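Letters go in sequence order (proteins before strands), and every chain restarts at 1. Just so it is clear, the values below take in all heavy atoms, side chains as well, and ignore hydrogens, waters and symmetry mates. For clarity, every value in this text was computed on a predicted model and none was experimentally measured.
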Amino acid sequence: MSRPQPLSGFPELLPRQRIVEQQVVDHLRRAFELHGFANLQTRAVEPMDQLLRKGETSKEVYVLRRLQADVEGSDSGLGLHFDLTVPFARYVLENAGKLNFPFRRYQIQPCWRGERPQEGRYREFMQADIDIVDLGELPAHYEVEVALVIADALKDLPLPKMTMHVNNRKLSQGFYQGLGIRDTDEALRIIDKLDKIGPDAVTKLLVEEVDATVEQAEACLKLAAITAADTSFVDEVHALGVTNPLLEEGLTELAAVVDAAAKVAPGFVVADMKIARGLDYYTGTVYETVMEGYESLGSVCSGGRYDKLASDGKNTYPGVGLSIGVSRILVPLLNSGALNATREVPTCVLVALANEDERTTANVLAQRLRKRGIPTQVSPSAAKFGKQIKFADKRGIPFVLFANEEGTQIKDIRSGDQTTIDIDAWNPPAEDLHPTIVTAE
RNA sequence: GUGGUCGUAGUUCAGUUGGUAGAACGCCUCGUUGUGGUCGAGGAGGUCGCGGGUUCAACCCCCGUCGAUCACCCCA
């Protein structure tokens with residue numbers, strides 16, 4: 001092998017693709033900050049007991065080990081974080097005394113999971129996460145708010161249509177309790193597989209694993225089939241004839257989320273009673289988001305309410321949050337060419353060079369443009385002008401600047417138009433100042 | 001981690017019953033002695049993923065290995 005091969009599950013982007021990713025991340029950052037979320041950055045590693053608590057032993061965590069450590073004592077007890085919620089919960093406990101509650105933060109960082117990769121599923125990937133935690137009690141309106149923040153953040157991005165499916169664990173678990181099913185956690189996990197394995201297999205599993213009767217299993221399937229873009233699901237659930245206080249609590253909370261979302265972001269949120277979520281730290285509202293045309297990727301933005309994830313025994317910090325799978329969304333779109341940038345460099349203007357002696361003069365001209373925020377670079381050499389234009393063209397740089405004793409001229413190399421300008425007054429069209437994202441037809 | 005498919009120029013791919021490789025696009029030079037894109041002419045670039053085996057001879061057949069990809073699992 002003369003050339004290194006790519007590493008499975010560790011996607012790396014080309015400059016043009018990275019520009020798209022940067023623009024998306026910048027957009028998310030601005031959106032989150034508009035909603036008052038503070039940024040946080042946590043370390044890459046967490047103690048293994050933090051990562052593996054809550055019984056998530058099946059999770060493939062990358063463990064840290066010192067190369068020179070002797071084999072016996074090689075375990076550092078540290079692992080790379082697999083999401084941003086668990087590190088955040090740890091951070092909140094560690095810094096509880098210095099934080100003001102309710103505390104809202106966003107975090108955009110890579111995460112690592114040692115699973116076998118495939119499209120939209122990587123071993124190193126970027127997540128954009130928002131959470132709100134409070135001390136002791138977390139008001140239910142935050143479960144509405146985080147969904148609306150995500151709706152707002154995704155709204156103006158050039159991405160396929162997103163739909164957020166929302167459920168409430170209290171609703172499902174209350175329903176199962178009302179039916180008389182004991183192991184409601186396991187029942188949830190089985191229902192979560194409905195899309196994948198179908199109703200017959202789910203019935204079979206419910207009967208075998210949680211000792212449900214066929215009638216109980218059928219009631220569970222009827223509940224899972226309910227979906228609505230408005231609060232009409234409440235009556236549909238009641239029509240199934242199950243009564244339980246937890247169920248009512250869940251119905252009320254879910255209705256509030258759906259109702260508020262319908263007003264602010266119509267069509268974005270739908271109530272969907274088959275959403276369960278694999279992670280068992282969720283205790284209330286749960287969210288999953290699918291991207292139109294890319295349903296096989298699964299959820300591209302998920303989360304939920306967790307009441308007991310952050311607890312030091314004395315105080316609990318219940319929270320609710322959502323994570324956007326930035327890599328999961330972007331890498332497939334970039335690889336298929338559905339998304340691209342208008343150019344592969346930030347440069348807006350290339351200053352042409354008539355001969356090498358003029359480089360100093362050219363540097364001064366470039367600096368005058370940069371001073372006014374126009375990304376500029378000077379030609380790498382005083383090659384023929386045709387070559388210098390080609391240099392710009394290959395990179396997508398829209399403008400080439402020519403200067404001599406007679407004056408300064410700017411050429412738009414896309415149209416070929418060349419005009420005399422005042423270098424201290426000229427501005428490119430707003431859409432040309434920085435690269436932008438373009439979508440394929 | 002379990003199973004299926006696939007690895008040939010920078011890229012997308014051809015390659016005949018086994019006789020040591022080709023196209024298109026891209027790239028470079030020139031036509032075009034200082035304004036690119038079109039056109040024309042020329043050129044560079046490959047230990048055929050890696051290692052072993054069979055054979056007079058392997059890109060081709062066999063084994064192993066590494067990588068990619070899909071499904072399961074899990075999930076962003």
Side-chain angles (χ1 to χ4, degrees), chain A residues 1-11 14 28 56-61 81-86 107-130 150 154 162 164 189 192-193 195-197 201 275-280 282 286-291 294 296-304 321-332 335 337 350 352-356 358 379 381-404 409-419:
Chain A
M1 269 186 284
S2 53
R3 258 201 314 178
Q5 294 195 325
L7 212 48
S8 182
F10 294 84
L14 291 167
L28 293 176
E56 284 292 322
T57 42
S58 62
K59 195 144 276 144
E60 288 289 346
V61 173
H81 61 236
F82 56 82
D83 73 0
L84 298 175
T85 309
V86 170
Q107 207 169 328
I108 303 174
Q109 281 183 243
C111 302
W112 297 268
R113 290 181 198 178
E115 304 161 338
R116 270 279 245 284
Q118 56 197 65
E119 188 177 55
R121 204 186 139 141
Y122 311 100
R123 289 178 166 170
E124 180 178 70
F125 56 97
M126 183 94 74
Q127 238 176 247
D129 190 295
I130 57 167
I150 294 292
L154 293 174
M162 305 276 192
M164 184 178 274
R189 255 190 295 274
D192 195 37
K193 296 179 195 294
D195 273 344
K196 213 141 214 171
I197 63 176
I275 301 299
R277 304 262 62 229
L279 292 173
D280 50 9
Y282 293 124
V286 286
Y287 316 83
E288 270 188 24
T289 312
V290 289
M291 187 158 72
Y294 293 82
S296 63
L297 293 178
S299 177
V300 296
C301 173
S302 324
L322 274 157
S323 248
I324 300 176
V326 177
S327 302
R328 170 164 287 187
I329 292 171
L330 254 29
V331 175
N335 285 340
L350 177 78
L353 221 48
N355 60 67
E356 201 52 45
E358 286 181 14
S379 178
S381 74
K384 288 182 186 173
F385 284 150
K387 279 204 173 178
Q388 298 189 47
I389 291 168
K390 207 169 173 182
F391 176 93
D393 191 34
K394 276 164 68 176
R395 289 160 180 75
I397 300 171
F399 297 100
V400 177
L401 186 103
F402 298 94
N404 58 30
Q409 294 197 316
I410 195 103
K411 180 189 183 79
D412 181 333
I413 65 171
R414 295 159 302 187
S415 62
D417 295 344
Q418 189 165 334
T419 51

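- The shortest heavy-atom contact between A352(A) and S379(A) is CA-CB, 4.2 Å.
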Fill in: Footprint string (nucleotides 24-32 of chain B, 5' to 3'): B base within contact, S backbone only, - free, heavy atoms under 4.0 Å
---SSS---
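- Residue contacts shown for A392(A) are absent, as no nucleic acid heavy atom lies under 4.0 Å away.
- Partners of T419(A) according to the side-chain hydrogen bond (donor to acceptor under 3.5 Å, both in side chains) rule, which considers only residues two or more places apart in sequence or in another chain, do not exist here.
- Between K193(A) and C74(B) there is a side-chain polar atom (N or O) within less than 4.0 angstrom of OP1 or OP2.
- Residue-level contact check: R123(A) touches neither bases nor backbone, having no heavy atom under 4.0 Å from any strand.
- We find that the ring of F125(A) and the base of A76(B) stack, their centres lying under 5.5 angstrom apart and their planes tilted less than 30°.
- Partners of D412(A) by side-chain hydrogen bond (donor to acceptor under 3.5 Å, both in side chains), not counting sequence neighbours, listed by chain and number: R414(A).
- In this structure E358(A) satisfies the side-chain hydrogen bond (donor to acceptor under 3.5 Å, both in side chains) test with no other residue, sequence neighbours excluded.
- Residues that satisfy the side-chain hydrogen bond (donor to acceptor under 3.5 Å, both in side chains) test with S327(A), not counting sequence neighbours, are absent from this structure.
- When base pairs are accepted only as Watson-Crick or G-U wobble with both N-N or N-O distances under 3.5 Å, RNA chain B takes part in stems of 3 or more pairs at B:1-7 with B:66-72, B:10-13 with B:22-25, B:27-31 with B:39-43, B:49-53 with B:61-65.
- Here Q388(A) lies in heavy-atom contact (under 4.0 Å) with a base.
- Residue G298(A) is classed as having no contact, given no heavy-atom separation below 4.0 Å to the nucleic acid.
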